[in-house]
Amino acid sequence: MINLELPKKLRASANQAHQVAAQILRPVSRKYDLAEHEYPKELDTMAAMVEGLNDSGQGASGAALGRGDEQPKAVGNTNGGNMASLMNVIETCWGDVGLTLSIPYQGLGNSAIAAVATDEQLERFGKVWASMAITEPSFGSDSAAVTTTAVLDGDEWVLNGEKIFVTAGERSTHVVVWATVDKTKGRAAIKSFVVPREAPGLSVARLEHKLGIKASDTAVLLLQDCRIPKDNLLGDPEVNVEKGFAGVMQTFDNTRPIVAGMAIGLGRAALEELRGILEEAGVEISYDTPAYNQHAAAAEFLALEADWEASYLLALRAAWMADNKKPNSLEASMSKAKAGRTGTAVSLKAVELAGSYGYSQRPLLEKWARDSKILDIFEGTQQIQQLIIARRLLGKSSAELK
Ligand SMILES: Cc1cc2nc3c(=O)[nH]c(=O)nc-3n(C[C@H](O)[C@H](O)[C@H](O)COP(=O)(O)OP(=O)(O)OC[C@H]3O[C@@H](n4cnc5c(N)ncnc54)[C@H](O)[C@@H]3O)c2cc1C
């Protein structure tokens, strides 16, 4: 039998994350939506708490995600860093997605470090705040098309290139940069490098103005003869053409369920708000009566809630598999595809069903509708997730199914 009740330890940290969301994030949600690029100083008070969570392996948005070989003793059924991070991110994104992405020391780059770093690197980079820089002006979805170069010069790597749309790219203390060490060797030569903020040659060119998640700084970064120590290359420096892209791609198996969790948290916020609005308008939502016998808005609500529930279960499965050392690329993509489009559908429908009130800035519904879209784009778009799912199900390679 499946028991979906949260274990005590996870419940405690999720409750704590919910308190943070309710008491710190929600109250300033609109403020930083209107004040794009302003630094959310309220989050500084959270740094110490987050550090505590990380020490206990329960980070809010992925920093505590472990490598396959770093998971707690897997005896067939365990809940580790992936499940804890999923639970926590659902709660903080119930509060605010943009602010969650700005919580110090919780960058997507931290997940990359946790996924591929050596033990020595984990010691050095375990407590930094790392953003993740893959995307370049010449590509987004096709992450094998990296053109940023890394050339070894004595004891240092010299990086050159331009990275765009880097979440927390201005505020993070470190940036995990994807670069190729040998363009002739294709995707196998793409490695990730930890670039400290103060590294010579790293600069922020500008910040993007966006549709949503305005509290999150999205930066264009320039790497101009940027020098970093040789041992800042994450994981195995060997270019193994057989193994190909596997090393860096492993990051996504951990981060996609977390991005799904972001959409799940936002979706739950929208559903809760919508339920209140409908009930106040006299619409009764019943679980005992068939949907077709209920008010049209109630029937729509039930359909949205069912989709939300499916997203939640898929994300639980993907995170559980990661914690239990089971290959989860297929399930990670399934969870992100479902949650990404459900988050968008739920929040936009909530605006619609709440009418002009929903479209106004009085509730946060219109903001959530704007914020939700990115969760169906970054860490792989809806179409890319579906492509990955199709490849896995049909047993096709990326060359066979593009
Ligand atoms: C706010 C924000 C934050 C971001 N944060 C980060 C970050 O921290 N780090 C980072 O590296 N990147 C980040 N990104 C970049 C993001 O990951 C990319 O935007 C995303 O991968 C899509 O790439 P693209 O925008 O170039 O679209 P494209 O790849 O050009 O795709 C355009 C459209 O074509 C579709 N498409 C592409 N290829 C296929 C295919 N083979 N089959 C079917 N459809 C296809 C896509 O789904 C999409 O709908 C961020 C982007 C935004 C907007």
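Counting starts at 1 for both ligands and their atoms, following the listed order. Bear in mind that the values here come from a model prediction, so they are computed numbers and not experimental data.
Residue, atom and distance of the protein heavy atom nearest to atom 24 (P) of ligand 1 are G140 CA, 3.8 Å. Nearest non-hydrogen protein atom to atom 19 (O) of ligand 1 is I377 CG2, 3.9 Å. Remark: minimum distance from atom 13 (C) of ligand 1 to any protein heavy atom is reached at F165 O, 2.8 Å. Here the heavy atom of the protein found nearest to atom 44 (N) of ligand 1 is Q383 CB, 3.5 Å. At the top of the distance list for atom 37 (C) of ligand 1, counting protein heavy atoms only, stands S141 OG, 3.7 Å. The protein non-hydrogen atom at the shortest distance from atom 10 (C) of ligand 1 is T135 OG1, 3.3 Å.
Annotation for ligand 1: atoms under 4.0 Å from non-hydrogen atoms of T167 are 3 (C), 4 (C), 5 (N), 6 (C), 7 (C), 8 (O). Within ligand 1, the atoms closer than 4.0 Å to a non-hydrogen atom of K210 are 1 (C), numbered from 1 in the order shown. Distances below 4.0 Å separate heavy atoms of L387 from the following atoms of ligand 1: 41 (N). Atoms of ligand 1 found under 4.0 Å from any heavy atom of I384, numbered from 1 in the order shown, are 38 (N), 39 (C). Residue M132 approaches ligand 1 through these ligand atoms, each under 4.0 Å from one of its heavy atoms: 7 (C), 8 (O), 9 (N), 10 (C), 11 (O).
Using cut-offs of 30° and 60° for the angle between ring planes, the F193 and W157 rings count as perpendicular.
With respect to the salt-bridge test (charged N to carboxylate O, under 4.0 angstrom), the residues D96 and K367 qualify. Using a cutoff of 4.0 Å between basic side-chain nitrogens and carboxylate oxygens, E305 and R275 are scored as salt-bridged. Between E309 and K338 there is no salt bridge, since no side-chain nitrogen of the basic residue lies less than 4.0 Å from a carboxylate oxygen of the acidic one.
Counting heavy atoms closer than 4.0 Å to ligand 1, residue T381 contributes side-chain atoms (C-beta onward) but none from N, CA, C or O. Contacts between E208 and ligand 1, counted as non-hydrogen atom pairs separated by less than 4.0 Å, are absent for every part of the residue.
Comparing heavy-atom distances from atom 52 (C) of ligand 1 across D217, T218, I374 singles out I374 as nearest.
For ligand 1, the polar-atom distance check finds an N/O of I134 within less than 3.5 Å of one of the ligand's N/O atoms.
For F139, the CZ atom is densely surrounded, since the number of other residues' heavy atoms within 6.0 Å is greater than 12. More than 12 non-hydrogen atoms from other residues, nucleotides or ligands lie less than 6.0 angstrom from NZ of K31.
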What verdict does the ring-ring contact (aromatic ring centres under 6.0 Å, His included) test give for H174 and W129, after you've listed the backbone C-alpha separation in whole Å, the side-chain angles of each residue and the deciding distance to 0.1 Å?
CA-CA 6 Å; H174 291 66; W129 177 4; over 10 Å; no
